[in-house]
Amino acid sequence: MLVFSKQRLILLSVPKTGTTAYETALAPLASIVVSAPPELKHAPVFRYNRFFRQMIERFIGEDAEIVAVMREPVSWLGSWYRYRQRASLDGQANSTRGISFDDFVTAYCQGDSPSFAQVGSQAKFLEPQRNGTRVTHLFRYEDQTGFRAFLEKRLATSIETSWQNQSPSVPLDLSSGTETRLRRKYAADFTLWQGITGGGQYTPQPPRPKPDGKG
């Protein structure tokens, strides 16, 4: 996560969306760089709201904006699957070595997923909070040109990136039945991605209602 105080802009780092390359390029311009631990580097909206928002609003301003990137959900899962194929994970519970992509997605859709399929949800990561905290500019991973243009304009700089954490190329075959199940169970992810338009505009999800159901 990067915080640009003068520009009143926060860049959240959604895992497996290529933002690490931008963070590496833009870190020298940032006022705050959160690069570790992973739970804070990849702080979702709810964690930003809980641990960072009050500090930023007090010292930077309540009008600070949040930008993030979202990847097409099947492609996003494919990136996680490939990443967990790496040799350094061999023999570990979260390795996907020897597991097909279809089996990986099937496990992801289970109620109690095994360790190798526990990767979270982009919709959950980006979920607006009841106090109004939400991503103000959301770009598709597939729209690198638009995302780069937005950052260059807001930060008044040109950006040169080199891709980080590239995973090995492996088959990503998915049966129609498994994809149907995925789209049904994670409908919020597909709806959110489909609602992203040019320039960072998108249709936000409704905030999660209070546990008592009163909103």
Side-chain angles (χ1 to χ4, degrees), residues 1 11-24 34-47 67-127 135 138-148 161-196 202 205:
M1 182 176 72
L11 173 60
L12 295 186
S13 179
V14 182
K16 315 314 293 177
T17 61
T19 50
T20 297
Y22 286 93
E23 291 172 347
T24 300
V34 183
S35 58
E39 292 80 5
L40 293 183
K41 173 184 177 179
H42 297 293
V45 172
F46 76 85
R47 194 166 292 144
V67 60
V69 175
M70 182 181 187
R71 192 168 184 162
E72 192 279 324
V74 177
S75 173
W76 183 74
L77 288 174
S79 183
W80 270 115
Y81 172 74
R82 292 192 304 270
Y83 182 67
R84 291 186 169 181
Q85 289 267 308
R86 66 193 192 277
S88 61
L89 292 181
D90 283 358
Q92 298 187 30
N94 60 344
S95 172
T96 56
R97 190 70 69 92
I99 299 169
S100 71
F101 182 56
D102 195 276
D103 287 343
F104 170 77
V105 175
T106 297
Y108 176 68
C109 291
Q110 294 176 2
D112 186 15
S113 299
S115 296
F116 67 81
Q118 292 178 9
V119 298
S121 158
Q122 292 180 97
K124 176 62 178 177
F125 187 106
L126 298 164
E127 185 177 61
V135 170
L138 184 61
F139 289 84
R140 288 183 176 183
Y141 167 86
E142 296 77 11
D143 180 22
Q144 293 294 318
T145 299
F147 180 51
R148 182 189 298 265
T161 59
S162 58
W163 291 110
Q164 309 283 322
N165 302 325
Q166 295 189 63
S167 301
S169 177
V170 294
L172 296 177
D173 299 320
L174 198 62
S175 70
S176 59
T178 301
E179 183 170 353
T180 296
R181 183 181 179 188
L182 173 66
R183 289 180 177 274
R184 181 174 62 248
K185 183 164 185 177
Y186 290 94
D189 290 75
F190 287 93
T191 298
L192 181 59
W193 183 81
Q194 289 165 357
I196 302 172
Y202 76 107
Q205 309 164 85

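Count residues from 1 along the sequence.
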Original post:
Do you know which two heavy atoms are closest between L174 and T178, and how far apart they sit?
Top reply: CD1-CG2, 3.7 Å
Subject >> salt bridge (charged side-chain N to carboxylate O under 4.0 Å, His left out) partners for E72, two or more places apart >> reply: none
Would you list the atom pairs, donor with acceptor, under 3.5 Å between side chains in residues 87-95 and any protein atom, with sequence neighbours excluded?
{"unit_1": "S88", "atom_1": "OG", "unit_2": "R86", "atom_2": "NE", "d": "3.3"}
{"unit_1": "Q92", "atom_1": "NE2", "unit_2": "S88", "atom_2": "O", "d": "3.2"}
{"unit_1": "S95", "atom_1": "OG", "unit_2": "R97", "atom_2": "N", "d": "3.1"}

Original post:
With distance as the sole test, does R47 use its side chain to make a donor-acceptor pair with the main-chain N or O of E39 at under 3.5 Å?
Top reply: yes
Subject >> Residues in side-chain contact (heavy atoms from CB on, under 4.5 Å) contact with P171, at least two apart in sequence or another chain >> reply: D173
**OP:** Kindly indicate whether the side chain of F101, heavy atoms from C-beta on, has any atom under 4.5 Å from the side chain of T96.
**Re:** no
**OP:** Mark yes or no for whether W76, through its side chain, and P15, through its backbone, hold a donor-acceptor pair below 3.5 Å.
**Re:** yes
Original post:
Got V119 and R84 here, is their nearest side-chain heavy-atom distance under 4.5 Å?
Top reply: yes
**OP:** List for me each residue that meets salt bridge (charged side-chain N to carboxylate O under 4.0 Å, His left out) alongside E127, sequence neighbours excluded, and say none if there are none.
**Re:** K124, R208
Subject >> Y202 side chain vs R140 backbone, donor-acceptor pair below 3.5 Å >> reply: no
Original post:
When rounded to the nearest 0.5 angstrom, what is the spacing between CD in E142 and CE in M70?
Top reply: 9.5 Å
Original post:
Can you tell me how far CZ of F139 sits from OG1 of T17, rounded to the nearest 0.5 angstrom?
Top reply: 12.5 Å
Original post:
When rounded to the nearest 0.5 angstrom, what is the spacing between CG in L12 and CG in L126?
Top reply: 7.5 Å
**OP:** Could you check if a side-chain atom of R71 sits within less than 4.5 angstrom of a side-chain atom of V14, using non-hydrogen atoms only?
**Re:** no
Original post:
Between atom CZ of R82 and atom CG of L77, what is the distance when rounded to the nearest 0.5 Å?
Top reply: 10.5 Å
Original post:
What is the distance from atom CG of L192 to atom CD of Q122, rounded to the nearest 0.5 Å?
Top reply: 8.0 Å
Scan the side chains in residues 103-111 for donor-acceptor partners under 3.5 Å anywhere in the protein, sequence neighbours excluded, and list what turns up.
{"unit_1": "D103", "atom_1": "OD2", "unit_2": "S100", "atom_2": "OG", "d": "3.3"}
{"unit_1": "T106", "atom_1": "OG1", "unit_2": "D102", "atom_2": "O", "d": "2.9"}
{"unit_1": "Y108", "atom_1": "OH", "unit_2": "G120", "atom_2": "O", "d": "2.6"}

Subject >> Rounded distance (nearest 0.5 Å) linking atom OG of S175 with atom CZ of R181 >> reply: 10.5 Å
Subject >> Any R148 side-chain heavy atom under 4.5 Å of Y22 side chain >> reply: yes
Original post:
Is there a side-chain contact between F190 and V74 (heavy atoms, below 4.5 Å)?
Top reply: yes
Original post:
If every non-hydrogen atom of F125 is compared with every non-hydrogen atom of A43, which pair is closest and at what distance?
Top reply: CZ-O, 3.3 Å
Original post:
Of all residues at least two apart in sequence or in a different chain, which pass the side-chain contact (heavy atoms from CB on, under 4.5 Å) check with A188?
Top reply: A123, Q205
